[in-house]
Amino acid sequence: MGGLDFLLHSIAYAPREDLHGRVVDSSAEGFATAMDVSCHSFLRMARISEPLMTDGGCLLCVTFYGSELVVENYNLMGPVKAALESVTRYVAAELGPKGIRAHAISPGPIATRAASGLERFDELLERAAASAPARHRVDIADVGALAAFLVSDAAHRITGTIIPVDGGQHLLA
């Protein structure tokens with residue numbers, strides 16, 4: 001196990017009281033915790049992975065369109081995911097000369113344990129399925145298929161992207 005080909009960062013957290021409140025009311029501690037767990041941990045993983053990716057590699061993280069648009073009840077995670085997307089672009093630029101690529105995958109709402117912490121998440125799932133141009137919800141297999149492509153040799157000239165896999169939900173205002 002002398003090397004690493006790819007890494008998938010898929011962790012996010014905010015203290016419940018900060019996640020369920022208004023962004024302007026978030027505590028400094030809650031904001032810092034959310035940024036550390038959900039964003040800075042990707043930087044730490046990139047730093048640890050860099051020396052192991054001697055033949056290049058791919059770093060992936062998971063984001064959500066609530067980073068670009070205000071999504072009801074997404075609250076503090078919106079700004080945190082926006083930071084994660086920016087970090088992804090910087091990682092791609094800094095590690096690109098070593099053949100290390102970085103991408104953020106942006107799925108539509110998926111029923112996960114982490115997402116269940118969002119207020120009225122079931123309503124978000126229903127709205128996404130009803131309004132997305134493809135008229136269906138995205139599932140984890142869709143995310144896996146995109147990740148498999150991004151870490152493959154077929155994507156070796158692509159880096160620094162935030163790629164939606166959301167049935168077209170990102171197209172809508």
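Hydrogens, waters and symmetry mates play no part in the numbers below; they use all other heavy atoms, side chains included.
Taken together through direct or relayed side-chain contacts under 4.5 Å among Ile, Leu, Val, Met, Phe, Trp and Tyr, Val87 and Ile100 form part of one hydrophobic cluster. Hydrophobic clustering, with ILVMFWY side chains joined whenever heavy atoms are under 4.5 angstrom apart, keeps Val37 apart from Leu60. Leu95 and Ile162 fall into different hydrophobic clusters, where Ile, Leu, Val, Met, Phe, Trp and Tyr side chains are chained together by heavy-atom contacts under 4.5 Å. Hydrophobic cluster membership is shared by Leu84 and Met45, with clusters built from Ile, Leu, Val, Met, Phe, Trp and Tyr side chains linked at under 4.5 angstrom. A continuous path of hydrophobic side-chain contacts links Leu19 to Phe31 [ILVMFWY only; heavy atoms under 4.5 Å].
Residues meeting the salt bridge (Lys or Arg N to Asp or Glu O under 4.0 Å) test with Asp139, sequence neighbours left out: none.
Taken from CZ in Arg47 to NE2 in His40, the straight-line distance is 5.5 Å, to the nearest 0.5 Å. Atoms CG and CG, from Leu150 and Leu59 in turn, are 11.5 Å apart once rounded to the nearest 0.5 Å.
Evaluated for a side-chain contact (heavy atoms from CB on, under 4.5 Å) with Leu4, the options Pro51, Cys58, Ser49 yield exactly one hit, Ser49. Checked against Ile105 for a side-chain contact (heavy atoms from CB on, under 4.5 Å), the options Val143, Thr88, Ile163 give a single hit: Val143. Each of Lys81, Glu68, Glu85 was scored for a side-chain hydrogen bond (donor to acceptor under 3.5 Å, both in side chains) with Thr63, with one residue passing: Glu85.
When all heavy atoms of Ala82 and Ser67 are compared, the closest pair comes out as N-CB, 3.5 Å. Taking all atoms of both residues into account, the shortest heavy-atom contact from Val80 to Cys39 is O-CB, 4.4 Å. Nearest heavy-atom pair across Asp166 and Pro107 is CB-C, 4.2 Å. Asp18 and Ser27 get closest at one heavy-atom pair: OD1-N, 2.7 Å. Across Met77 and Ala12, no two heavy atoms sit closer than the pair CE-CB, 3.7 Å. Nearest approach of Ser38 to His9, heavy atoms of both residues: O-CE1, 3.6 Å.
Under the 4.5 Å side-chain criterion, counting only non-hydrogen atoms from C-beta, Tyr65 is in contact with Gln169. Counting heavy atoms from C-beta outward, Leu52 and Leu7 have side chains that stay 4.5 Å or more apart. Looking only at side-chain heavy atoms (C-beta outward), Arg44 and Asp36 come within less than 4.5 Å of each other.
Under a cut-off of 6.0 angstrom, the local environment of CG in Asp25 is crowded, with over 12 non-hydrogen atoms contributed by other residues, nucleotides or ligands.
Judged by distance alone, the side chain of His103 and the main-chain N or O of Ile158 form a donor-acceptor pair under 3.5 Å. Listed for the Thr159 side chain is a donor-acceptor partner under 3.5 Å among the backbone atoms of Ala102.
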